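All remarks here apply to the structure that follows.
When a ligand or atom number is given, it counts from 1 through the structure's own listing order. Remember, it's a predicted structure, so these values are computed and weren't measured experimentally.
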Amino acid sequence: MSTASVTLNGKVYELPVVRGVENDIAIDITKLLSESGAITLDPGFNSTGACQSGVTYIDGGKGILRYRGYPIEQLAEKSDFVETAWLLLYGELPNAEQLKQFRGQLTYHSMIHEDMKKFFEGFPPSAHPMAILSAMVSSLSTYYPGSEDDQSDANIVRLLAKVRTIAAYAFKKSIGQPTIYPRNDLSYCANFLHMMFAVPTEAYAVNPVLVKALNMLLILHADHEQNCSTSTVRIVASSRANIFASISAGISALWGPLHGGANQAVLEMLQTIHDDGGDYRKYVAMAKDKNSGFRLMGFGHRVYKNFDPRATILRKMAGEVLNELGVDDPLLEIASNLEKIALEDDYFVQRKLYPNVDFYSGILYRAMGIPTNMFTVMFALGRLPGWLAHWREQQSDESSRIYRPRQVYTGATERNYVPLADR
Ligand code: CMC
């Protein structure tokens with residue numbers, strides 16, 4: 001076994017080196033504190049591996065993303081979301097019988113308890129659907145309180161089936177329409193579109209173009225190894241909190257504009273540029289000016305420093321889907337111009353800032369009729385199998401321990417309390 005040495009106060013500590021199957025190298029520092037008294041410092045965990053995982057492989061330099069070894073490009077083109085979810089969860093592509101059963105279970109569990117519908121009535125009409133989603137997912141634990149040991153696969157199915165229904169109900173709530181029950185004859189994605197867009201007063205036929213686009217969008221978002229929300233799920237689950245609480249925490253982490261909330265922020269930014277006369281150069285200049293506090297949303301990534309393979313797939317697909325739907329969106333042109341100018345600009349080139357997955361997903365969701373404040377909910381729906389796969393992996397890893405990072409203390413040193421009268 002190879003080692004790395006750290007010299008501290010003249011003493012050398014040999015630390016084991018761990019290698020992944022793709023030759024990623026990690027220095028195992030688990031014994032560093034007990035042996036040397038020192039910790040490592042890495043705000044934002046840029047250089048820190050929190051676990052060993054077999055779910056997803058990313059090579060940010062080469063723009064590679066694989067779920068369980070399968071390239072994202074192949075899955076996006078040939079698989080569908082339910083099959084990809086199974087792959088992420090159980091590590092292999094399902095056979096015909098396994099897939100049939102899984103699809104059946106997701107259909108069978110798609111309704112939520114009737115009492116839960118009353119919760120929706122309590123939210124104000126302006127409630128953000130992500131707030132509703134996170135609250136509802138946490139509430140599911142009140143209906144399924146059993147132990148995770150014997151319930152985990154059942155709860156995984158419940159979450160995959162019901163989060164879709166909750167997401168559609170949150171949308172219906174926000175526009176004041178009655179909720180629409182799921183239909184057992186529809187596929188996972190078709191059922192979601194039906195619950196989103198059908199109304200009780202007329203027939204609704206799901207457009208297969210939208211079903212195909214949605215499958216692809218959800219596949220592209222399905223996992224991304226130890227990102228902010230997935231790490232949150234793992235952190236919460238490490239305290240043995242139940243699966244619903246853990247996933248609800250992941251949803252909250254995803255909400256922020258630097259993570260899943262970026263897709264909403266991208267579209268709002270494109271709309272602002274459009275309403276401001278379309279001068280995208282002005283906004284590129286603002287993004288380069290540190291004093292402006294403005295960033296080009298949908299650009300940059302902690303891991304991808306060359307290109308985001310999901311953005312490449314989405315860019316092509318956005319053009320195709322808009323064509324097929326006959327949508328002529330001026331925001332797409334602004335997006336293309338922004339991308340072009342940013343890719344040639346020194347500021348972006350030097351910092352390796354490229355369009356990420358969220359840059360084009362908003363344009364697609366908009367063309368599909370999904371409102372802006374639902375974009376991050378769509379991301380959550382897509383990321384759910386990834387969160388669950390990591391949750392499952394962590395539960396079965398006997399070496400996993402409660403997450404408990406350390407800190408370097410920078411506050412006041414010891415001082416004596418001063419009574420109020422003397423202050
Ligand atoms: N526009 C302008 N400048 C930027 C941007 C941007 N979008 N992103 C990073 N920078 C600059 C940043 O100011 C810094 O410059 P300097 O070195 O001169 O101080 C440098 O690039 C490095 O940025 P960072 O914030 O240290 O990088 P990070 O790895 O901590 O952050 C990020 C990654 C994705 C949060 C960031 O690029 C960002 O805020 N992007 C916009 C939000 C966004 O699109 N988020 C979605 C990410 S993809 C979906 C997902 O997986 O969640």
Side-chain angles (χ1 to χ4, degrees), residues 42-48 55-61 63-65 67 72 130 217-233 250-270 272-273 280-315 335 338-365 372 375-387 390:
D42 182 20
F45 309 132
N46 202 29
S47 302
T48 297
V55 181
T56 285
Y57 175 69
I58 299 176
D59 182 330
I64 291 174
L65 169 61
Y67 298 160
I72 190 66
M130 280 299 274
L217 277 157
L218 296 185
I219 289 173
L220 293 180
H221 285 89
D223 193 46
H224 216 233
E225 48 117 308
Q226 309 306 319
N227 56 85
C228 178
S229 56
T230 304
S231 296
T232 302
V233 170
I251 292 169
S252 299
L254 186 75
W255 193 359
L258 298 191
H259 190 13
N263 53 14
Q264 174 170 344
V266 168
L267 211 91
E268 285 165 355
M269 173 188 79
L270 295 175
T272 305
I273 299 175
Y280 50 90
R281 287 171 204 279
K282 181 171 126 189
Y283 287 85
V284 172
M286 263 166 69
K288 289 159 60 175
D289 174 7
K290 287 276 156 31
N291 298 322
S292 73
F294 174 79
R295 281 188 169 196
L296 270 194
M297 297 315 287
F299 274 79
H301 200 276
R302 172 61 65 81
V303 179
Y304 295 118
K305 299 297 176 198
N306 224 329
F307 67 95
D308 179 340
R310 304 165 301 171
T312 311
I313 299 170
L314 271 184
R315 182 180 196 272
L338 267 185
E339 181 182 2
K340 196 157 169 278
I341 185 168
L343 292 181
E344 288 164 358
D345 191 295
D346 269 359
Y347 175 94
F348 292 89
V349 173
Q350 276 168 15
R351 289 169 180 77
K352 298 183 189 297
L353 301 171
Y354 298 88
N356 58 48
V357 67
D358 287 326
F359 192 62
Y360 282 103
S361 62
I363 300 222
L364 260 162
Y365 286 134
T372 313
F375 289 179
T376 314
V377 170
M378 303 306 297
F379 194 152
L381 194 57
R383 185 53 54 87
L384 185 57
W387 290 331
H390 285 273

Any N or O on Phe299 sitting closer than 3.5 Å to an N or O of ligand 1?
yes

With only distance considered, is Leu353 within less than 3.5 Å of ligand 1 through an N or O on each side?
no

His390 and side chain to side chain donor-acceptor pair (under 3.5 Å): which single residue from Thr56, Thr230, Asp223 fits?
Asp223

Which of these, His221, Met269, Arg295, Lys290, has its nearest heavy atom closest to atom 24 (P) of ligand 1?
Arg295

Minimum-distance protein heavy atom relative to atom 11 (C) of ligand 1:
Tyr347 OH, 3.5 Å

With the threshold set at under 4.0 angstrom, would you say Leu258 reaches ligand 1 through any of its heavy atoms?
yes

Polar contact flag for Met297 and ligand 1 (N/O pairs, less than 3.5 Å)
no

Pair Phe294 + Tyr283: ring centers closer than 6.0 Å
yes

Filtering Thr230, Leu296, Asn46 for the heavy atom nearest atom 1 (N) of ligand 1 leaves Leu296

Heteroatom proximity flag, His224 to ligand 1, N/O under 3.5 Å:
no

N/O separation below 3.5 Å, Lys305 to ligand 1
no

Is Asp358 close to ligand 1, meaning an N/O of one under 3.5 Å from an N/O of the other?
no

Taking the ring centre of each residue, are Phe379 and His224 less than 6.0 Å apart?
no

So, 4.0 Å and heavy atoms of Gly298: is ligand 1 close enough to count as a contact?
yes

Could you tell me if any non-hydrogen atom of Lys288 lies under 4.0 Å from any atom of ligand 1?
no

